[in-house]
Amino acid sequence: MPMGHTATQQAGSGGLKATEHRLANGLRVVLSEDHLTPVAAVCLWYDVGSRHEVKGRTGLAHLFEHLMFQGSAQVTGNGHFELVQGAGGSLNGTTSFERTNYFETMPAHQVELALWLEADRMGSLLTALDEESLENQRDVVKNERRQRYDNVPYGTAFEKLVAMAYPEGHPYHHTPIGSMADLDAASLEDAREFFRTYYAPNNAVLSIVGDIDPEQTLAWIERYFGSIPSHEGKRPPRDGTLPEVIGGQLREVVEEEVPARALMAAYRLPHDGTREADAADLALTVLGGGESSRLHNRLVRRDRTAVAAGFGLLRLSGAPSLGWLDVKTSGGVEVPAIEAAVDEELARFAEEGPTPQEMERAQAQIEREWLDRLATVGGRADELCRYAVLFGDPQLALTAVERVLDISPEEVRAVAAARLRPDNRAVLVYEPVQGAEDAADTADEAAETDAEGEAAQ
């Protein structure tokens, strides 16, 4: 093993294993060897997201995700895409409140190429970052905002609810997409300073999963990343602490050209990484996770007052997580009727908790989702990075399923009783404006909007 590395013992669950290493410059490396198929995933998480941004400069983390694909010292223009796709691989990057990630899935014999590309832009992006590339990607991000937020039905709903659930001045008050004004205000020096502060090896975790030779892979990592200097100027994110409950219902009525009335709500829920968060995940799965859920059965099947009803969890580690309720009404049904039925179901659940059948089904559903994710090299690489960056221990990714299966029905009932209350929610009511009825046949498609997808650009 090259000098400067430290390593921990292997740990695993269900046959999955991972080893941890650290370069002298602080880069954390996680390897998971899997020879089932001749592919491998390279995933790089930087500990920077929209929660690190300050007022007046929102959207920088997401803008920088785009800038990272605009060339570096030895790779010009769209070369990163061209080289990876030309080698038979796929790639992308995403930004959330709490991190920015970049990932490639490659034929196993092309892993070295992906590592070289990631190291080149980590170590030399500033040499290629200029006004032209900044303006180019600023326009791309602004168009993305128009297409995904401003010019689609219900497009700004998540942004509005986040701003209500996390008060002004809170690091999670704004979503990663940022505002148009702040995107326009970002200067080249802002971008350069952002890169220098956060895009350093000691602020990153690199995971490689799949058909790899660990010794050879570590040698490549040392060769390409080892000479990149660390940076100690990172500022910690602002404190995201909030009361467990909002303390009163917040409410906003939005009149827009939408295809149907809608009731949306955001509840403050426990921080990710806790038993309470796992219990909340199970509660929301029973209540609104699919066509067998309580809210779907009540509103869509029985009462026929809604065309769609869902309840999901946006897990957050640095602030209370967010429970996201989304109901689109049927025909001329008024929102108060929907809201009364929702409150009735939540109150009943808080009193009785899940039935044994509901508990078994919810745990099986989450278990399947987790196993599907860990079964792919890309999904496993991403989860190993996630647990390393947010919780300090990538091995926790391999035992997440066991923790969900260990939750009791009483824990599920208790978290619902404590958090799924009218005084702990921000409510958004959509009322169609005159002429919007012609778009009603698109309500089902619009109802598929997912909170986590909105949060990760």
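A donor-acceptor distance shorter than 3.5 angstrom exists from the side chain of R238 to the backbone of E53, with no hydrogens or angles considered. H62 places no side-chain N or O within donor-acceptor distance of the main-chain N or O of I177, the cut-off being under 3.5 Å. Looking at H174, its side chain does come within 3.5 Å of a backbone N or O of S50 through a donor-acceptor pair. Remark: the backbone N or O of P270 is paired with a side-chain donor or acceptor of S321 at under 3.5 angstrom. With hydrogens and angles ignored, the 3.5 Å screen pairs no side-chain donor or acceptor of S124 with any backbone N or O of T127. Between the S72 side chain and the L125 main chain, no donor and acceptor come within less than 3.5 Å of each other. With E20 contributing its side chain and R28 its backbone, the two residues share no donor-acceptor pair below 3.5 Å. A donor-acceptor contact shorter than 3.5 Å links the side chain of R403 to the backbone of L396. Counting only distance, with no hydrogens or angles, the side chain of D190 and the backbone of S187 share a donor-acceptor pair below 3.5 Å. Of the possible polar contacts, none joining the D326 side chain to the A309 backbone as a donor-acceptor pair under 3.5 Å is found.
Partners of H296 by side chain to side chain contact (heavy atoms under 4.5 Å, CB included), not counting sequence neighbours, listed by chain and number: E291, S293, V300, R301. Listed by chain and residue number, D150, E159 satisfy the salt bridge (Lys or Arg N to Asp or Glu O under 4.0 Å) test with R145 (two or more places apart in sequence, or in another chain). The side chain to side chain contact (heavy atoms under 4.5 Å, CB included) test applied to E360 returns no partner, not counting sequence neighbours. Partners of D239 according to the salt bridge (Lys or Arg N to Asp or Glu O under 4.0 Å) rule, which considers only residues two or more places apart in sequence or in another chain, do not exist here. Residues satisfying the side chain to side chain contact (heavy atoms under 4.5 Å, CB included) criterion with D372, sequence neighbours excluded, are R368. The ring pair (Phe, Tyr, Trp, His ring centres under 6.0 Å) test applied to H170 returns Y166, Y172, not counting sequence neighbours. Q70 is linked by a side chain to side chain donor-acceptor pair (under 3.5 Å) to nothing, counting only residues two or more places apart in sequence or in another chain. The side chain to side chain contact (heavy atoms under 4.5 Å, CB included) check on V245 picks up R419, R421, N424, with sequence neighbours excluded.
In this structure, N25 and G226 approach most closely via the heavy-atom pair ND2-O, 3.6 Å. In this structure, P243 and R268 approach most closely via the heavy-atom pair O-NH1, 3.1 Å. E65 and G93 get closest at one heavy-atom pair: OE2-O, 2.9 Å. The minimum heavy-atom distance linking V141 with L63 is given by the pair CG2-CD1, 4.0 Å.
Within a 6.0 Å radius of CD in E244, no more than 12 heavy atoms belonging to other residues, nucleotides or ligands are found.
Between D272 and L316, the closest side-chain pair of non-hydrogen atoms is not below 4.5 Å. Between L269 and L322 there is no side-chain heavy-atom pair separated by less than 4.5 Å. By the 4.5 Å heavy-atom criterion applied to side chains, K160 and M264 are not counted as neighbours. Side-chain contact between F69 and V140 is absent, with no heavy-atom pair separated by less than 4.5 Å. Contact annotation: the side chain of F103 never approaches that of L91 to less than 4.5 Å [non-hydrogen atoms, C-beta and beyond]. Looking at R361 and S292, their side chains come closer than 4.5 Å, going by heavy atoms from C-beta outward.
Residues in residues 375-405 take part in these ring-ring contact (aromatic ring centres under 6.0 Å, His included) pairs, two or more places apart or across chains: Y387-F391. Residue pairs meeting the salt bridge (charged side-chain N to carboxylate O under 4.0 Å, His left out) criterion with at least one partner in residues 123-136, sequence neighbours excluded, are E135-R138.
Checked against the 6.0 Å centroid criterion, the rings of F311 and Y267 qualify as a close aromatic pair.
Residues E112 and Y224 have side chains that bring a donor and an acceptor to within less than 3.5 angstrom of each other. Side-chain atoms of S317 and E98 form a donor-acceptor pair, as typed in the model, at a separation below 3.5 Å. Using modelled atom types and a 3.5 Å distance limit, the side chains of Q85 and H80 yield no donor-acceptor pair.
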Intermediate values then yes/no, salt bridge (charged side-chain N to carboxylate O under 4.0 Å, His left out), E33 and K17: CA-CA 7 Å; E33 192 176 357; K17 296 181 179 180; over 6 Å; no
Stepwise side chain to side chain donor-acceptor pair (under 3.5 Å) test for T376 and R380: CA-CA 6 Å; T376 68; R380 197 185 321 161; over 6 Å; no
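Atom OG1 of T94 is separated from atom CZ of R99 by 3.5 Å, given to the nearest 0.5 angstrom. Separating the CD atom in E144 from the CG atom in L183 is a distance of 10.0 Å, to the nearest 0.5 Å. Considering CG of L384 and OG1 of T19, their distance stands at 10.0 Å, rounded to 0.5 Å. Atom CZ of R22 and atom CG of L27 lie 8.5 Å apart (nearest 0.5 Å). Here CZ of F158 is found 11.0 Å from CZ of R148. Values are rounded to the nearest 0.5 Å. One finds the CZ atom of R425 at 11.5 Å from the CG atom of L161 (value rounded to the nearest 0.5 Å).
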List, one per line, each side-chain donor-acceptor pair under 3.5 Å for residues 191-211, sequence neighbours excluded.
{"residue": "R192", "atom": "NH2", "partner": "L129", "partner atom": "O", "Å": "3.3"}
{"residue": "E193", "atom": "OE1", "partner": "R196", "partner atom": "NH2", "Å": "3.4"}
{"residue": "E193", "atom": "OE2", "partner": "T197", "partner atom": "OG1", "Å": "3.2"}
{"residue": "R196", "atom": "NH2", "partner": "E189", "partner atom": "OE2", "Å": "2.6"}
{"residue": "T197", "atom": "OG1", "partner": "E193", "partner atom": "O", "Å": "2.8"}
{"residue": "Y199", "atom": "OH", "partner": "Y102", "partner atom": "OH", "Å": "2.7"}
{"residue": "N202", "atom": "OD1", "partner": "H231", "partner atom": "N", "Å": "3.1"}
{"residue": "N202", "atom": "ND2", "partner": "H231", "partner atom": "O", "Å": "2.8"}
{"residue": "N202", "atom": "ND2", "partner": "E232", "partner atom": "OE2", "Å": "3.4"}
{"residue": "N203", "atom": "OD1", "partner": "K234", "partner atom": "NZ", "Å": "2.7"}
{"residue": "N203", "atom": "ND2", "partner": "D47", "partner atom": "O", "Å": "3.3"}
{"residue": "N203", "atom": "ND2", "partner": "Y198", "partner atom": "O", "Å": "2.9"}
{"residue": "S207", "atom": "OG", "partner": "A381", "partner atom": "O", "Å": "2.8"}
{"residue": "D211", "atom": "OD1", "partner": "H35", "partner atom": "ND1", "Å": "2.5"}

Show the atom names and distances, to 0.1 Å, of all donor-acceptor pairs under 3.5 Å that link a side chain in residues 273-289 to residues at least two apart or in another chain.
{"residue": "T274", "atom": "OG1", "partner": "H271", "partner atom": "O", "Å": "2.7"}
{"residue": "T274", "atom": "OG1", "partner": "A277", "partner atom": "N", "Å": "3.1"}
{"residue": "R275", "atom": "NE", "partner": "E411", "partner atom": "OE2", "Å": "2.9"}
{"residue": "R275", "atom": "NH1", "partner": "D406", "partner atom": "OD2", "Å": "2.8"}
{"residue": "R275", "atom": "NH2", "partner": "D406", "partner atom": "O", "Å": "3.3"}
{"residue": "R275", "atom": "NH2", "partner": "E411", "partner atom": "OE1", "Å": "2.8"}
{"residue": "R275", "atom": "NH2", "partner": "E411", "partner atom": "OE2", "Å": "3.1"}
{"residue": "D278", "atom": "OD1", "partner": "R315", "partner atom": "NH1", "Å": "3.4"}
{"residue": "D278", "atom": "OD1", "partner": "R315", "partner atom": "NH2", "Å": "2.9"}
{"residue": "D281", "atom": "OD2", "partner": "R315", "partner atom": "NH2", "Å": "3.1"}
{"residue": "T285", "atom": "OG1", "partner": "D281", "partner atom": "O", "Å": "2.7"}

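In this structure, K328 fails the cation-pi test against Y430, since its NZ or CZ atom is not both closer than 6.0 Å to the six-membered ring centre and inside 45 degrees of the ring normal.
Salt-bridge annotation for K142 and D184: present, with a side-chain N of the basic residue lying under 4.0 Å from a carboxylate O of the acidic one.
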